[in-house]
Q: 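Structure incoming, see below.
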Amino acid sequence: MTIDTPTTTPQDWASDQEVRWCPGCGDYSILKAVQTLMPQLGGTPENTVFVSGIGCAARFPYYMNTYGMHSIHGRAPAIATGLAMARDDLDVWVVGGDGDMLSIGGNHLIHALRRNVNLTILMFNNQIYGLTKGQYSPTSEVGKVTKSTPFGSLDQPFNPMSVALGAEASFVARTHDLDRKHMMEMFRRAREHRGAAFVEVFQNCNVFNDGAFAAITAKGARDDMLIPLVHGQPIRFGAEQEKGVIVDDQGRARIVSVADVGEDAILVHDEARAEPGLAFMLSRLSAGPYEPTPIGVFRAVARPDYGSETNRQLAAAQDKAGPGDLTALLHSRPTWDVD
Amino acid sequence: MADLDQTNEPVELDRVIIRFAGDSGDGMQLTGDRFTSASAVFGNDLSTLPEFPAEIRAPAGTLAGVSAFQVHISDHEITTPGDAPSVLVAMNPAALRSELHQLIVAGTLIVNTDAFEERNLTKAGYRTNPLTDGSLERFTVYEVPMTTLTKDAVAPLGVKPRDAERSKNFFALGLISWMYTRPSAPTLDWIDEKFGSKPQMAAANRAAFAAGHAFGETAELFEHPYSIRPAPHAPGTYTNITGNTALAWGLVAAGQMAKLPIFLGGYPITPASDILHELSKHKNFGIRTLQAEDEIAGIGAALGAAFGGHLAVTTTSGPGIALKSETMGLAVSLELPLVVIDIQRGGPSTGLPTKTEQSDLLQAMYGRHGESPIPIVAAYSPARCFDVAIEAARIALKYRTPVLLLSDGYLANGSEPWLLPQVVDLPDISVDFATETNHIDGDGNPEFWPYLRDPDTLARPWAIPGTPGLEHRIGGIEKADGSGNISYDPANHERMVHLRADKIAGIANDIPPVTVVGDVDDANLLVVGWGSTWGAIDGAVNRCRARGHRVAHAHLVHLNPFPANLGEVLQRYPHVVVPEMNLGQLSRLLRAEFLVDAKSVTKVRGVPFSAGELEAAFLKEMGA
Ligand code: SF4
C-alpha cells in the first residue's frame, strides 16, 4: 500500500556518498526510482537494509542512507536470507547484476526464490560484465563478441524470467530503466509482496553494451516491442492495441493480430494463477530484446514466507516446551549423581 | 575350561578395554554406545572411540564394511580409549580379520560362530577357518552362535527370521553386559523408549538382550563375570556426552549467556552434521537453523544474521572451510562476530571422511586471501567442547571477529563422563549494541562511525539494523579508519591491516596463560599439544614420569593468538616435542614464532595416538 502523507523525503534515503557509476549509466535512473519510491512506501531508513554482491549494480547500497552491506560476488541472496530469517521486522532488499545473480550467485538466487525468503530482489540486467570491463555474461546473446570471446560466445543465455519461474518464485516481474513510473510500480509491488520478489530491470550499460535494449525500450519502439502484462486485462500491445497474445490450440503462447482472432480470443493476464506454466510461456514469448517482450508482473502468488514460517516453528516449540531452560537441557540425557 | 566348582562371584578389575566389531549393518555403534551409557550411569570413568566406514552400507561381510567401537572403562581416571583392547567381540570373519591385530596377546575373543561360514570367510579373505585352523591359539576364544541363539530367543514373539537376526547385536550386548556386570535397566529402558512405536521390535531386542545375559550366566562357558568399581569422581551430577553434543550445547549456552538468539547456517557434512541436527531440536531456545544450499550459503546466511544482531554460527569440516574462506575474509573485513566450527577429518579432499585428523590448523591459521587473522580455539576432550564453544562465542562477540573453533572426528563422536556445570557458574558473555552516534562531523552534527574502535579491545561498535540514526553501510572494500567509508588510500589500507592484526594479537591479554602439568621445575622434556591428543599425551606423560623421567605437558586451547606466556614457557625446557595428527603443523608455527627446536611426532592414520605410542616417542626423544 502506498501511504498518503510520507514522513520521509527522497533526500532522507540518499546517502552522502558520491555516486560513482559511469555518466549515462542506466543505474542512475534505477537509483532515482528507488529513492523516489521509498518515502511512498512508509518504511524507515533504519528498518531498511540493502544487501548486494559485487559488480556495478552492487554499489547500490552505498548510495542509500539505510543499513547496507556490500558483500561478495554472488552471495548477496544467501547473506540476505540469514538476515531476513533472523530479523523479519526488517525490509531487506537485494541488488545485483546479471553476472552476480545468474552466474556466480545463481545457486543462491534460485534457493532464495524457492524458499520464498522475504526479500525484494532487483536484478539489473545489462547482459554484460561491466565492472570487470566487458566480458560476456550469462544473459548475453549467443555469438557475443567480447574480450573473453573474440570469436563470439557459445553459451545459450539465461532468460531471467524463466529461471525465476522455474525456481518457484512467488513474485516475478520485469521493467526497464527508461520508464521510471513503471519501475516504481514494479518495485512497489515487489516490496509489498510478502516473500521473495524478483524484479529484472533491463539496464543500459552505455560503456560496454550500449543500446542492448534500445530495440525494445527506446521511446519510439516501446509501443510495438513491449508487451505490458496487466493483471485482469487482455494482453495487448501496439500503438492501437492492435496486437495481442493468445494460447493457440497447440498450447503455445503466440502473438497475433487482434483483428484476426477477435478480442475474446486474447489471453487475459492472471498473475495470481497458482500454476506457473502460463507465466513461463509468456516468459518464452521473446527470445531476446529484439522481439516483442513482455514487461510487468508475470506472477504474484501468496505463499508463506520463510522467515515467518521459521518464527512459527520457534513459537510452536516454545508453546510446547516452554522457553529454553539450559539447566533442563543439560540434564536431558541419562544422568547419575556422585556424592 | 569352565571350573564348575567356582561360584559366579565377579572378579574385580581396575579397567577393561573392549572393542565391538562387526559389519556396518550389525549395529556395533549402537551396541558400543549402549554399553558405554550403562557404564557411565554405573559410575565408571570411560573414554570411547567409534570407528566406522564412510559408506552407509559397504558390501556386507567385506573388510571395507567393518564398523568398530572401542570403549575403555575403569575405576580410576582415564583420558584415552585405551592403547589396545583386551576384549574383542567379532560378529563376522571380516571384523575378526580387520580388528584382531589390535587385541592384546592372550586377550579375550568372543566370536559369532554363525557368521563363520564359507561365503563370509571368503569375503574376508580367509582361506581357512581361523576358528579351526589354530591361528587363534594366542587368545582366549569364546565361540557363541549368536545368530542362532537370537533367533531362538525371539521366535516365540512371532518375529520374522530375517528381522530376528537384526537383534543379534542386543544378544552380544546382553552377553558383554553380563560379563562385566553392567546394570541392565538403562539398556532396557532405552529399548522401550527408542522402539516404543514398534512394540514387536522392542520385544525382540529385549528378548535378545535377556538371552545374551542368560547365556553368560548359564552356559558355563565363562568362568566368572568381572566387575569394575565406579571411579572416584568429584561430587555432582554427571552425564555421558559426545563432543558434538557438548559443542552444540555449548552453543546453546553461549546464546543464553550472551542473551542473543543463535543462528546456525550449515550444510550437511561428516563429521559435523550432528551439531546442525542437535541445534535444530532446540527451537524453544529461539535457535534458528538453516540447512543452506551449500557451504558458502551456510556461512553467508550466518554472516547476514550476525549483521542483524544474532550470535551466528556455521559448522563444517575441512573441505567446507575451504569453501567458506572467502566469506571468512569478508567477516574479517566487516568485523562482525561469527563462530566457524571445523570438525576436522582426514584430508585432503574427501580423504577419510569418517576418520579423525588435525590437519586443518594451518588452513585455519592462513587459509584465506589477504592479511586476514582469525582467532583459533581448539577443544581437547569431548566434554570440553562445551566450554570451548562458549569461549569461541565470547571472543567473537567481544572482538567482533570470526573465530575458528577446531574439533575433530575423534572428539565429535567419542564420549566421556561430564560433570554438568551449574548454569550460574557460566561466564556472562553479553555485549552491548551501539545505540548512539559516536562522532561529530565537520559541520558539528552527530554522526555514526562504524569503524571507530574501542581503545582497549580495538573492537568496532556493533550497530544493528533497526537502530535509528546509526544507518551505515559496510562492505568488503577497504574502509577508511573510523568513518568506514570506502577508501583506496594506501596509507589507510596499511593502517587498517595493522589494526585488524593488532586487534587479534591483543586477545592474548584476555586469555589464560598456558599452564604446564607435570614436572614443572626441572623437566627435561616439554610435550606441547593441542586438540584431541590431550588424553593420549596426558597418559603417556604420566607413564614416563612413573618411570622416573622428567616430562611435562602443556596443552593449547588458544592457537591464535597463543597465550602470552607461551614463548617464555617453551624456553624453559631443553627439549620440546609436539605430537600431532598431521605432518607437524603446530610445531611449524612454534618454530616460526618462537625459534624453538620443537620436534614433531606425527600420525595420520585416521585414528588417535595411543598413550603407548606417545610414551615410546617421548622415551626415544629423551634417549631413554
Ligand atoms: S560499466 Fe556499464 S554498468 Fe557499470 S557503471 Fe559503467 S555504464 Fe554502468
Side-chain angles (χ1 to χ4, degrees), chain A residues 15 17 44-52 54 61-62 64-72 74-87 89-90 92 107-108 110-111 310-311 313-314 316-318 320-327 329-339, chain B residues 37 40-43 186 230 233-241 245 249 252-253 256 261 263 265 282-288 290 292-294 296-297 300-305 307-310 312 326-327 330 334 420-421 423 465-477 485-486:
Chain A
S15 77
Q17 298 295 296
T44 57
E46 71 261 25
N47 282 316
T48 305
V49 186
F50 279 81
V51 181
S52 66
I54 295 293
Y62 288 117
M64 296 296 297
N65 185 32
T66 62
Y67 283 88
M69 189 197 291
H70 178 220
S71 72
I72 305 173
R75 314 304 171 207
I79 291 170
T81 292
L83 180 60
M85 274 179 77
R87 296 285 305 277
D89 57 317
L90 299 175
V92 184
N107 196 30
H108 306 307
I110 59 176
H111 288 277
T310 302
N311 286 341
Q313 286 193 339
L314 259 52
Q318 294 208 342
K320 195 161 163 242
D325 175 345
L326 189 54
T327 302
L329 174 66
L330 297 181
H331 289 77
S332 63
R333 296 165 72 91
T335 61
W336 68 96
D337 291 318
V338 173
D339 302 324
Chain B
S37 290
V41 172
F42 181 69
H233 280 123
T237 301
Y238 286 77
T239 196
N240 185 52
I241 197 145
T245 305
W249 288 6
V252 177
Q256 298 284 297
F263 184 99
H282 303 300
K283 295 198 189 307
N284 61 323
F285 282 86
I287 295 170
R288 289 169 178 79
L290 171 69
E293 58 271 24
D294 57 26
I296 297 171
L303 188 61
F307 187 56
H310 283 221
E326 186 186 27
T327 310
L330 177 65
L334 297 184
L420 294 176
V423 171
T467 317
L470 305 192
E471 295 84 0
H472 63 280
R473 277 67 55 195
I474 54 178
I477 300 181
N485 290 330
I486 290 180

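A, B, ... follow the sequence lines: proteins, then strands. Residue 1 opens every chain.
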Q: Is chain B contacted by the side chain of A:A321, its backbone, both, or neither, given a heavy-atom distance below 4.5 Å?
A: both
Q: Hey, what do you get for CZ (B:F307) to OG (A:S71), rounding to the nearest 0.5 Å?
A: 10.5 Å
Q: For chain B, find which of A:V51, A:L83, A:T44, A:T48 contributes the most heavy-atom pairs closer than 4.5 angstrom.
A: A:L83
Q: Would you say B:E471's side chain and A:Y67's backbone share a donor-acceptor pair under 3.5 angstrom?
A: no
Q: With sequence neighbours excluded, tell me which residues meet ring-ring contact (aromatic ring centres under 6.0 Å, His included) with B:F263.
A: none
Q: Non-hydrogen atoms of chain A under 4.5 Å away: do they reach the side chain of B:H310, the backbone, both or neither?
A: side chain
Q: Examine whether an atom of B:P261 lies under 4.5 Å from a heavy atom of chain A, and if so say whether it belongs to the side chain, the backbone or both; otherwise answer neither.
A: neither
Q: So what's closer than 4.5 Å to chain A heavy atoms on B:P230: side chain, backbone, both or neither?
A: neither
Q: Side chain, backbone, both or neither: which part of B:I287 has an atom under 4.5 Å from a heavy atom of chain A?
A: backbone
Q: May I have the step-by-step check of side-chain contact (heavy atoms from CB on, under 4.5 Å) for A:H111 and B:D294, ending in yes or no?
A: CA-CA 10 Å; A:H111 288 277; B:D294 57 26; over 6 Å; no
Q: Apply ring-ring contact (aromatic ring centres under 6.0 Å, His included) to B:Y238 and list each qualifying residue two or more places apart in sequence or on a separate chain.
A: A:W336, B:H233
Q: Name the option with the most non-hydrogen atom pairs under 4.5 Å to chain B; the candidates are A:T81, A:N107, A:D89.
A: A:N107
Q: From B:H282 NE2 over to A:D325 CG, what is the distance, rounded to the nearest 0.5 angstrom?
A: 12.0 Å
Q: Can you name the closest pair of heavy atoms from A:Q318 and B:N284 and give their distance?
A: NE2-O, 2.8 Å
Q: Short question: side chain of B:R288, backbone of A:T310 - any donor-acceptor pair under 3.5 Å?
A: no
Q: Any donor and acceptor pair, going by atom type alone, linking the side chain of A:R75 with main-chain N or O of B:G300 inside 3.5 Å?
A: no
Q: Taking all heavy atoms of A:R87 and all of B:P465, pick out the closest pair and write down the distance.
A: NH2-O, 2.8 Å
Q: Tell me, side chain or backbone of B:E326 under 4.5 Å from chain A's heavy atoms, or both, or neither?
A: both
Q: Please confirm whether the backbone N or O of A:P334 pairs with a side-chain atom of B:T239, one donor and one acceptor, at under 3.5 Å?
A: yes
Q: Looking at chain B, which one of A:T66, A:V49, A:T327, A:N47 has the largest number of heavy-atom pairs inside 4.5 Å, strictly under?
A: A:T66
Q: Measure distances from A:D339 to the heavy atoms of chain B and classify the residue's part below 4.5 Å as side chain, backbone, both or neither.
A: backbone
Q: Give the minimum heavy-atom separation between A:S15 and B:R473, together with the two atoms involved.
A: CB-NH2, 3.6 Å
Q: Can you tell me how far CD1 of B:I477 sits from NE2 of A:H70, rounded to the nearest 0.5 angstrom?
A: 4.5 Å
Q: With respect to chain A, which residue among B:A305, B:G286, B:G466 yields the maximal number of heavy-atom pairs within a distance under 4.5 Å?
A: B:G466
Q: Within the structure provided, determine whether A:I79 and B:L330 are in side-chain contact (heavy-atom separation under 4.5 Å).
A: yes
Q: Just give me the residue among B:G476, B:G308, B:G469 that pairs up with chain A most often, heavy atom to heavy atom, under 4.5 Å.
A: B:G308
Q: Measure distances from B:A40 to the heavy atoms of chain A and classify the residue's part below 4.5 Å as side chain, backbone, both or neither.
A: both
Q: Among A:T335, A:L330, A:V338, which one satisfies side-chain contact (heavy atoms from CB on, under 4.5 Å) with B:T237?
A: A:T335
Q: Select one option (side chain, backbone, both, neither) describing which atoms of A:L329 are under 4.5 Å from chain B's heavy atoms.
A: both
Q: When only pairs under 4.5 Å are counted, which of A:Q17, A:M69, A:R333, A:H108 shares the most heavy-atom pairs with chain B?
A: A:H108
Q: Who among A:I54, A:N311, A:N65, A:I110 has the most heavy-atom pairs with chain B under 4.5 Å?
A: A:N65
Q: At a heavy-atom separation under 4.5 Å, does B:L420 approach chain A through its side chain, its backbone, both, or neither?
A: side chain
Q: Which bit of B:T327 comes within less than 4.5 Å of chain A, counting heavy atoms only: side chain, backbone, both or neither?
A: both
Q: With chain A as the partner, which of B:G475, B:A301, B:P186, B:S37 has the greatest number of non-hydrogen pairs under 4.5 Å?
A: B:A301
